[in-house]
There are 2 protein chains.
Amino acid sequence: MHDMQHEHHECVECPIRHRAVCSRCDAAELHKLEQIKYYRSYQAGQTVIWSGDRMDFVASVVSGIATLTQTLEDGRRQMVGLLLPSDFVGRPGRATAAYDVTATTDLVMCCFRKRPFEELMLSTPHVAQRLLEMTLDELDAAREWMLLLGRKTAREKIASLLAIIARRDATLRLRAPKGQLVFDLPLTREEMADYLGLTLETVSRQISALKRDGVIILDGKRHVTIPDLERLMEEAGDDSDGGVPE
Amino acid sequence: MHDMQHEHHECVECPIRHRAVCSRCDAAELHKLEQIKYYRSYQAGQTVIWSGDRMDFVASVVSGIATLTQTLEDGRRQMVGLLLPSDFVGRPGRATAAYDVTATTDLVMCCFRKRPFEELMLSTPHVAQRLLEMTLDELDAAREWMLLLGRKTAREKIASLLAIIARRDATLRLRAPKGQLVFDLPLTREEMADYLGLTLETVSRQISALKRDGVIILDGKRHVTIPDLERLMEEAGDDSDGGVPE
DNA sequence: CGACAGGTTGAGCGATATCAAGTTACGTGG
DNA sequence: CCACGTAACTTGATATCGCTCAACCTGTCG
């Protein structure tokens, strides 16, 4: 089902060390985490967990991208989470997965056995504090998506998604998002549709329209250039700056 | 702007004592909370906080109902939270409100000054633990709403909202949701529309349709009877039971 | 009694879904 | 290296659900 890699990386060299659920931990706490962690790898397209499955671990995304999706009986799908490096998967205190988790690119996760992790959360407040902070951020992101899903037009939805991916990509590379932005779409048209509450045909048409109008430049189907981020933000319909309050 | 009530209620007699952010606290911790708490009351329709405003407190809803809403520049509104008794308002570590908070009924809140509350969270893990749990629950609810907003039809949206209100009303009264359910809608048609990503006209039409089809019985505009919860759940499109995993 | 907020209903329109036909890119086996 | 198959994507024609605009109803409060 999945490849297991038993290589043992050092936490102190971990690429997500400063952003993940472990970012607040001191050396002693990291040592405890190190004892209950292990890595798992998945290929693009593989399902990590099915909704309803027993889940005996929680995890951080180390590299790659995963999605959370919900499905109605008749097959209608809605993505409800996009997991990037450093994002957390799973819920302490819950036995089964609430959503399908799928690797959309090759994916490496740093897993912690659930029971020891829960005990560790009680004894070392730094993990719980960071997890609360991350969960509050996710809740804000979810509410932003609710606005998008409930009230934005198809064109605005596409522009919003492109803006989010562009900005996120820029921060991952530690470059300020200014001037011309270039990135690759990590999602298929269908995955974008599932994220935006649209059909894949509408996604395709709106991308073509944004291209025709010069808001984006496409090279192939996935490689995107944003000549003017301001313009894209206007198309997204968000109020002005998009600055994240803190 | 708002009435302040300086009456001093005892935490041990508080109606939300067993569900709110303080539910895990022991007597000593409650005593600390009691020293930084105060009550505020708002009338139905009053705005509690505007998005972007400085927020010097966090709070629990004691009685009544409040909403969180986001607005696009051109006036399109999306509700992103429905706050019921015991729900938590505000975010530790953030200076300004991210959403408009409005009292839809008369509302009483138990407020804690933000700075002391944040310090208390560091010293007493029970508050932070409970807040994490509540935030994870809210995140699940938000993701459920994303599915509704992105993929459900107008009729399914209305049925879903009615089912949620019915069940929640039943649990607040501590009665198992079986047989015939009766409750009053706490929201206007417009508020329902803002919650569901619809127009108020569509809300009105779909409610009329559900009434015509015998799924609900209306007495006046707000008083609802659900003769068959199973039937309503089917109309909502959710898979079967709707049981909350834990 | 009049005014107004909340709610209902109708007619027509438009954005997005649906159904369908192609196109492009890419890997695989001959 | 080419032919084939397939997944991803694009584009067109048509259908439909929910929106918009508008009129009207109902209950409440002064």
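Letters A, B, ... mirror the listed sequences (proteins, then strands); counts begin at 1. Predicted model, so just to flag it, every value in this text is computed and none were measured. The figures that follow rest on heavy atoms only: side chains count, while hydrogens, waters and symmetry mates do not.
Looking at residues two or more places apart in sequence or on another chain, you find a side-chain contact (heavy atoms from CB on, under 4.5 Å) between B:Asp228 and B:Glu230, B:Arg231. The side-chain contact (heavy atoms from CB on, under 4.5 Å) search around A:Leu107 returns A:Tyr42, A:Val48, A:Val61, A:Ala66, A:Ala103, A:Met109, not counting sequence neighbours. Every residue two or more places apart in sequence or in another chain that forms a side-chain contact (heavy atoms from CB on, under 4.5 Å) with A:Ser86 is listed here: A:Ile16, A:Arg19, A:Ala20. Evaluation of the side chain to side chain donor-acceptor pair (under 3.5 Å) rule for B:Arg76 yields A:Glu156, B:Asp74 as partners, not counting sequence neighbours. Every side-chain contact (heavy atoms from CB on, under 4.5 Å) that A:Thr202 has, sequence neighbours left out, goes to A:Ala154, A:Leu198, A:Thr199, A:Gln206.
Remark: B:Arg167 is not positioned above the aromatic ring of B:Phe183, lacking an NZ or CZ atom under 6.0 angstrom from the ring centre and at most 45 degrees off the axis.
The salt bridge (charged side-chain N to carboxylate O under 4.0 Å, His left out) analysis of residues 48-65 of chain B, with sequence neighbours excluded, yields no pairs. Screening residues 193-207 of chain B for salt bridge (charged side-chain N to carboxylate O under 4.0 Å, His left out) gives A:Arg151-B:Asp194, B:Arg77-B:Asp194 as the qualifying pairs, with residues at least two apart or on separate chains.
Between A:Ser51 atom OG and A:Tyr99 atom OH the span is 8.5 Å, to the nearest 0.5 Å. Expressed to the nearest 0.5 Å, how far CE of A:Met146 lies from OH of B:Tyr195 amounts to 5.5 Å.
Per the geometry, CZ belonging to A:Arg189 stands 13 Å off C1' belonging to D:dA7, to the nearest Å. Between A:Leu210 atom CG and D:dC9 atom P the separation is 16 Å, expressed in whole Å.
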Check the interface with nucleotides 17-20 of chain D: list each N/O to N/O pair with the protein under 3.5 Å, or write none.
unit_1: D:dG18; atom_1: OP1; unit_2: B:Ala154; atom_2: N; d: 2.7
unit_1: D:dC19; atom_1: OP1; unit_2: B:Thr199; atom_2: N; d: 3.4
unit_1: D:dC19; atom_1: OP2; unit_2: B:Thr199; atom_2: N; d: 3.4
unit_1: D:dC19; atom_1: OP2; unit_2: B:Thr199; atom_2: OG1; d: 3.1
unit_1: D:dC19; atom_1: OP2; unit_2: B:Thr202; atom_2: OG1; d: 2.4
unit_1: D:dT20; atom_1: O4; unit_2: B:Arg205; atom_2: NH2; d: 2.9

Can you list, pair by pair, the side-chain donor-acceptor contacts under 3.5 Å of residues 211-225 of chain B, counting residues two or more places apart and other chains?
unit_1: B:Asp213; atom_1: OD2; unit_2: B:Arg155; atom_2: NH2; d: 2.2
unit_1: B:Arg222; atom_1: NH1; unit_2: B:Leu185; atom_2: O; d: 3.1
unit_1: B:His223; atom_1: ND1; unit_2: B:Asp184; atom_2: OD1; d: 2.9

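Within 4.0 Å of B:Thr188, counting heavy atoms only, lie sugar-phosphate atoms of the nucleic acid but no base atom.
Across its full length, the helix from C:dC1-D:dG30 to C:dG30-D:dC1 shows an angle of 30° between the axes of its 5 terminal pairs at either end, rounded to 10 degrees.
Taking a heavy-atom distance under 4.0 Å as the criterion, the stretch of DNA chain C touched by chain A extends 5' to 3' from C:dT16 to C:dA25.
Salt-bridge formation is detected for the pair B:Arg143/A:Glu138: a Lys NZ or Arg NE/NH1/NH2 atom is positioned less than 4.0 Å from an Asp or Glu carboxylate oxygen.
A donor-acceptor pair under 3.5 Å is absent between the side-chain atoms of B:Thr104 and the main chain of B:Leu187, judged by distance alone.
DNA chain D is contacted by A:Lys221, A:Arg222 of residues 215-222 of chain A, taking any non-hydrogen atom closer than 4.0 Å.
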